[in-house]
Amino acid sequence: MKFNFDCTENLEALLVKTAESLDDFEGEFDPQIRLADERFGDFQANGVLPYAKKIGKNPREMAQRIMDALPFTEDWEVSLAGPGFINFKLSPGFLLGWVEAFGQPEEAAGTALVQKPKEIVIDFSSPNTAKQMHVGHIRSTIIGESLARLMAFCGHKVTRDNHLGDWGTQFGILLYAIKREKISLDQLGEDPIAQLENLYRKGTAWTKEDESSLAEARNELVELQAGNTENLELWKKIKELSMDSFEAIYEMLGVRFDYAHGESFYRDRVDQVYESLLEHKICEENEGALVVFHLEHKRFCKQPLLVRKKDGASNYATTDLATLLFRKEEWQAEQIIYVTDGRQRDHFEQLFLTARKWFDAEKRAIPQLDHVWFGTILGEDNKAIKTRDGQPVKLVDLLNEAIERASRMVIEKNPELPAEEVSKRAQAIGLGAVKYADLSQDRTLDYVFSWEKLLAMQGNTAPYLQYAVARISSIFRKLENEETPGSEEARPPETPHERTLARKLTFFPLALSQTLRELKPHFLCTYLYELSTDFSSFYNNDKVMVEDRRTQSLRILLCRRTKTYLCSGLEILGIETLEEM
RNA sequence: GCCUCCGUAGCUUAAUGGACAAAGCAACGCACUUCUAAUGCGUAGAUUACAGGUUCGAGUCCUGUCGGGGGUACCA
């Protein structure tokens with residue numbers, strides 16, 4: 001038996017081939033192989049039902065005909081159930097063979113899950129310069145990093161680009177405030193970014209108060225974009241200060257970028273966007289601005305995409321279009337993934353529509369465009385989260401508090417631990433908990449932020465997964481000085497817990513491909529959590545250190561694979577693992 | 001107004017159009033002389049907001065109602 005990393009491929013190929021050999025099956029037959037409830041088997045084929053319906057035959061009879069025609073195998077038992085499901089129960093021998101075969105999931109995923117590696121650009125995190133990162137930035141940063149890791153794990157070529165908001169209207173306001181207050185950037189003290197934020201807040205208040213301030217602020221942006229030396233100097237300095245503060249956070253989170261081009265990088269490329277869009281009659285002038293209407297769209301026929309403001313300044317639609325072209329031309333992007341808040345859905349829909357028309361007119365192939373959007377983090381009041389005094393919660397404070405709280409829990413469990421080790425574990429646990437909370441539920445949902453929930457160490461949480469890894473490691477430490485049998489001595493899984501665990505291991509590729517397909521890390525989280533619970537049951541019922549060599553060999557193998565898959569999965573999620581907890 | 005997302009156990013969530021809707025928390029009961037109890041096992045808990053429809057089959061798709069979030073021309 002040659003094992004496929006993804007077992008559904010074996011079964012699907014088998015059923016398609018068998019159906020082709022039968023007179024009753026003509027034309028396309030999709031077997032629809034799905035995971036089965038454990039009480040029915042391991043996999044099930046649902047495809048006979050719709051097929052039989054289509055050609056007006058009895059589905060149970062059709063399923064029976066396929067089953068009769070299947071070649072004999074010791075790899076699985078086949079049974080007919082319900083209205084016409086075909087259930088497959090993997091044999092112990094198959095399970096053992098499969099588990100033994102795939103000790104290097106990264107290698108297997110790279111060849112089995114992705115037929116043709118793509119050039120993928122992931123645009124994520126993207127904070128605004130001149131402001132500190134706050135909780136609002138955490139989701140894009142963590143989800144983006146995780147997707148980048150997943151793509152790379154599965155063999156794609158990934159470019160991570162931090163598309164900084166360093167060229168927008170907020171700079172007009174900030175520059176206006178700096179000048180009005182006559183501030184020197186060298187005298188901002190210990191926490192320059194916090195001072196800049198205060199200035200920005202003042203500026204925003206002024207522009208809301210009166211029209212002339214707003215006009216002046218807008219003019220500062222126009223000046224900046226026109227290359228005014230003073231404004232450019234200020235802008236550059238502000239960007240440097242901001243990057244320093246971002247880097248500190250990224251290092252804490254284990255996030256890295258290949259580029260941080262930001263909107264400003266495209267400032268010399270926006271003119272060609274206007275020109276080209278005008279030339280192809282994709283945009284038009286309306287109320288002094290340059291806009292794109294999509295007449296075929298029920299909503300965007302009236303709600304335009306603004307590519308140039310009436311004051312002549314560019315905005316994020318312009319830079320996004322210029323960026324798209326750059327990524328295609330310079331990086332040969334075949335797919336671009338934008339990880340942003342769900343409130344930008346309209347923008348990206350309009351952007352993608354516009355880009356398609358534009359690329360089409362220019363006879364360029366357009367990359368696959370995906371807007372990976374997520375919900376809002378809410379406070380206790382179900383409104384977007386703020387501190388008590390209405391300020392955004394600083395990300396660095398939140399992360400430090402997570403580590404501090406985790407630290408207390410580590411000490412409580414193990415009071416004798418040296419400070420250095422406490423700190424190491426607290427980092428892994430605290431930051432892991434924060435990340436996992438964000439990744440483990442469907443990204444499109446809003447969620448209410450609460451420390452209690454974030455740092456719960458029971459249930460579907462990072463510490464639970466980390467604990468499972470630590471327990472497996474503990475077994476291996478105990479076995480270190482023993483002579484242990486190699487995996488070639490292993491007997492097939494027999495006990496219910498051995499079987500359940502082995503079966504779950506074979507589902508790993510499915511979890512990866514589903515996450516890849518939907519760009520939703522929670523699928524991987526759910527899988528890892530289930531793998532951990534299956535391991536914990538196994539751990540409590542079937543001891544690894546037993547006399548029987550064949551049994552011990554199998555159980556060691558199951559532990560080794562469980563650890564490898566858990567560690568790979570957590571690595572993809574950007575969560576550290578610990579040898580001891 | 002128009003558009004869009006959401007409504008699942010007391011709470012937080014899960015569920016590619018497939019079989020009796022799955023977990024955790026909280027509650028109750030059980031299991032540490034044992035490879036880490038940050039655990040495991042069990043009990044109890046659900047007209048999947050409501051009303052129709054499509055389908056062999058609907059939490060999932062369509063229409064409508066109710067309730068909540070978000071977007072809707074120069075912020076991103």
Side-chain angles (χ1 to χ4, degrees), chain A residues 32 34-37 39-40 44 46-47 49-50 52-53 59 81-85 87 126 128 163 165 168-170 172-173 204 218 263 286-291 297-300 302-311 313 315-317 319-320 340-347 349 373 375-376 378 382-384 409-410 412-414 429 440-442 444-448 450 452-453 456-461 463-464 466-468 470-479 510 514 517-518 522-523 525-526 529-530 532-533 536-546 555 559 580-581:
Chain A
Q32 295 187 22
R34 303 286 130 91
L35 291 188
D37 190 305
R39 51 187 182 216
F40 303 126
Q44 63 187 61
N46 298 340
L49 281 105
K53 176 70 186 174
F85 301 117
N87 289 331
S126 311
N128 292 336
H163 195 65
T169 304
Q170 83 273 20
I173 295 173
T204 309
R218 281 195 175 141
E263 294 170 341
N286 196 297
E287 295 177 29
L290 214 50
V291 302
H297 195 282
K298 62 187 167 190
R299 195 158 77 261
F300 302 140
K302 290 180 196 144
Q303 179 189 324
L305 179 76
L306 267 80
V307 294
R308 192 174 63 199
K309 304 196 280 184
K310 66 183 169 197
D311 60 13
N315 65 2
Y316 77 142
T319 47
D320 277 353
T340 85
D341 192 288
R343 281 174 287 209
Q344 295 186 41
R345 263 178 302 161
D346 276 3
H347 167 72
E349 204 182 325
W373 60 274
T376 313
L378 307 171
N382 275 2
K383 296 263 166 72
M409 295 165 117
V410 171
E412 191 182 337
K413 160 123 179 161
N414 200 336
I429 294 168
S440 60
Q441 70 171 268
D442 190 318
T444 62
L445 263 62
D446 293 347
Y447 72 89
V448 176
S450 89
E452 198 185 323
K453 194 175 130 194
M457 306 240 158
Q458 296 105 22
N460 188 9
T461 66
Y464 180 86
Q466 290 166 323
Y467 183 61
R471 284 170 124 190
I472 301 172
S473 304
S474 173
I475 295 172
F476 287 126
R477 277 196 301 277
K478 294 264 154 94
L479 287 171
L510 279 77
Q514 193 180 12
R517 191 171 57 244
E518 310 272 336
H522 82 278
F523 288 118
C525 293
T526 304
Y529 174 59
E530 286 175 3
S532 299
T533 56
S536 293
S537 296
F538 163 79
Y539 179 93
N540 274 281
N541 285 280
D542 296 339
K543 277 189 67 86
V544 175
M545 285 186 247
V546 289
R555 293 182 181 172
C559 286
E580 288 179 72
M581 272 176 83

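By convention in this document, chain letters (A, B, ...) are assigned in the order of the sequence lines, proteins followed by strands, and residues within each chain are numbered from 1.
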Arg343(A) side chain: which of rU16(B), rG70(B), rA14(B) is closest? rG70(B)
What's Asp341(A) touching, base or sugar-phosphate or nothing? Going by heavy atoms closer than 4.0 Å. nothing
Side chain of Arg218(A), heavy atoms from C-beta onward: which of rA14(B), rC75(B), rC35(B) has the nearest atom to it? rC75(B)
With heavy atoms under 4.0 Å as the rule, sort Ala81(A) into base, sugar-phosphate or nothing. base
Phosphate OP1/OP2 of rC41(B): any Ser537(A) side-chain N/O under 4.0 Å: yes
Residue pair Met545(A) / Lys478(A), side-chain heavy-atom distance below 4.5 Å: yes
Considering every strand and a 4.0 Å limit on heavy-atom distances, what is the contact class for Lys302(A): base, sugar-phosphate, or nothing? nothing
Between rU4(B), rG18(B), rA14(B), which one does the side chain of Leu445(A) approach most closely? rA14(B)
In whole angstrom, give me the gap between the C1' atoms of rU55(B) and rG18(B). 12 Å
Listing for RNA chain B: consecutive Watson-Crick or G-U pair runs of at least 3, distance cutoff 3.5 Å, ranges ordered by first number, gives B:1-7 with B:66-72, B:10-13 with B:22-25, B:27-31 with B:39-43, B:49-53 with B:61-65
Of Arg299(A) and Leu306(A), the one whose closest nucleotide on RNA chain B sits nearer the 5' end is Arg299(A)
Output yes when at least one side-chain N/O atom of Gln441(A) is less than 4.0 Å from OP1 or OP2 of rU13(B), else no. yes
Could you work out the separation of rA76(B) and rU39(B) based on their P atoms and round it to a whole Å? 47 Å
When you compare rG42(B) with rC3(B), how far apart are their C1' atoms, in angstrom units rounded to a whole number? 50 Å
Can you tell me which nucleotide in rG71(B), rA76(B), rA73(B) comes closest to the side chain of Glu287(A)? rA73(B)
Quick one: do Gln344(A) and Tyr316(A) satisfy side-chain contact (heavy atoms from CB on, under 4.5 Å)? Show the steps, please. CA-CA 11 Å; Gln344(A) 295 186 41; Tyr316(A) 77 142; 4.0 Å; yes
For the side chain of Pro304(A), starting at C-beta, report the closest nucleotide among rA19(B), rA73(B), rA15(B). rA73(B)
No-hydrogen, no-angle side-chain donor-acceptor test under 3.5 Å, His297(A) and Glu349(A): yes
Picking from rC35(B), rA38(B), rG40(B), the nucleotide nearest the side-chain atoms of Asn541(A) would be rG40(B)
Separation between the C1' atoms of rU72(B) and rC62(B), rounded to whole Å: 25 Å
Comparing Tyr539(A) with Lys453(A), nearest RNA chain B nucleotide closer to 5' gives the residue Lys453(A)
Can you identify which nucleotide, out of rU4(B), rU13(B), rU39(B), has its nearest atom closest to the Asn540(A) side chain? rU39(B)
Base, sugar-phosphate, or nothing: which does Asn46(A) touch, judged by heavy atoms less than 4.0 Å apart? base
Any donor-acceptor pair, under 3.5 Å, between the side chain of Arg34(A) and the base of rU16(B), if you only look at N and O atoms? yes
Does the base of rA19(B) carry an N or O that pairs as donor and acceptor with the side chain of Asn87(A) under 3.5 Å? yes
At less than 4.0 Å, is any side-chain N or O atom of Gln514(A) found next to OP1 or OP2 of rU16(B)? Yes or no. yes
What's Phe300(A) touching, base or sugar-phosphate or nothing? Going by heavy atoms closer than 4.0 Å. nothing
Suppose you measure atom C1' in rC5(B) against the same atom in rA9(B); what distance do you get, rounded to whole Å? 24 Å
Is His522(A) close enough to rA15(B) that one of its side-chain N or O atoms is under 4.0 Å from OP1 or OP2 there? yes
Taking atom P in both rU48(B) and rU8(B), compute the distance separating them and give it to the nearest angstrom. 12 Å
When the C1' atoms of rC11(B) and rG52(B) are compared, how many Å lie between them, rounded to an integer? 32 Å
Looking only at the side chain of Tyr464(A) (C-beta and beyond, no hydrogens), which of the listed nucleotides rA73(B), rG40(B), rC75(B) gets closest? rG40(B)
What's the closest nucleotide to the side chain of Val291(A) if the choices are rG40(B), rA73(B), rC35(B)? rA73(B)
Flag, side chain of Arg345(A) to backbone of Gly342(A), donor-acceptor distance under 3.5 Å: yes
In whole angstrom, give me the gap between the C1' atoms of rA73(B) and rG57(B). 47 Å
Classify the side chain of Gln466(A) and the base of rA38(B) as holding, or not holding, a donor-acceptor pair under 3.5 Å. no
Applying a 4.0 Å non-hydrogen cut-off, can you work out what Pro59(A) is touching in the nucleic acid: base, sugar-phosphate, or nothing? nothing
Check the chi torsion on rC20(B) and let me know: syn if it falls within 90° of 0, anti if not. syn
Tell me if the side-chain of Tyr316(A) makes a donor-acceptor pair with the base of rA76(B), cut-off 3.5 Å, by modelled atom types. yes
Determine yes or no for a side-chain-to-main-chain donor-acceptor pair under 3.5 angstrom, with Asn315(A) supplying the side chain and Arg308(A) the backbone. no
Quick check for you: among rA14(B), rA76(B), rA19(B), whose closest atom lies nearest to any side-chain atom of Phe40(A)? rA19(B)
Enumerate the protein-to-nucleotides 22-25 of chain B contacts in which both atoms are nitrogen or oxygen and the separation is below 3.5 Å.
unit_1	atom_1	unit_2	atom_2	d
rA23(B)	O2'	Tyr529(A)	OH	3.3

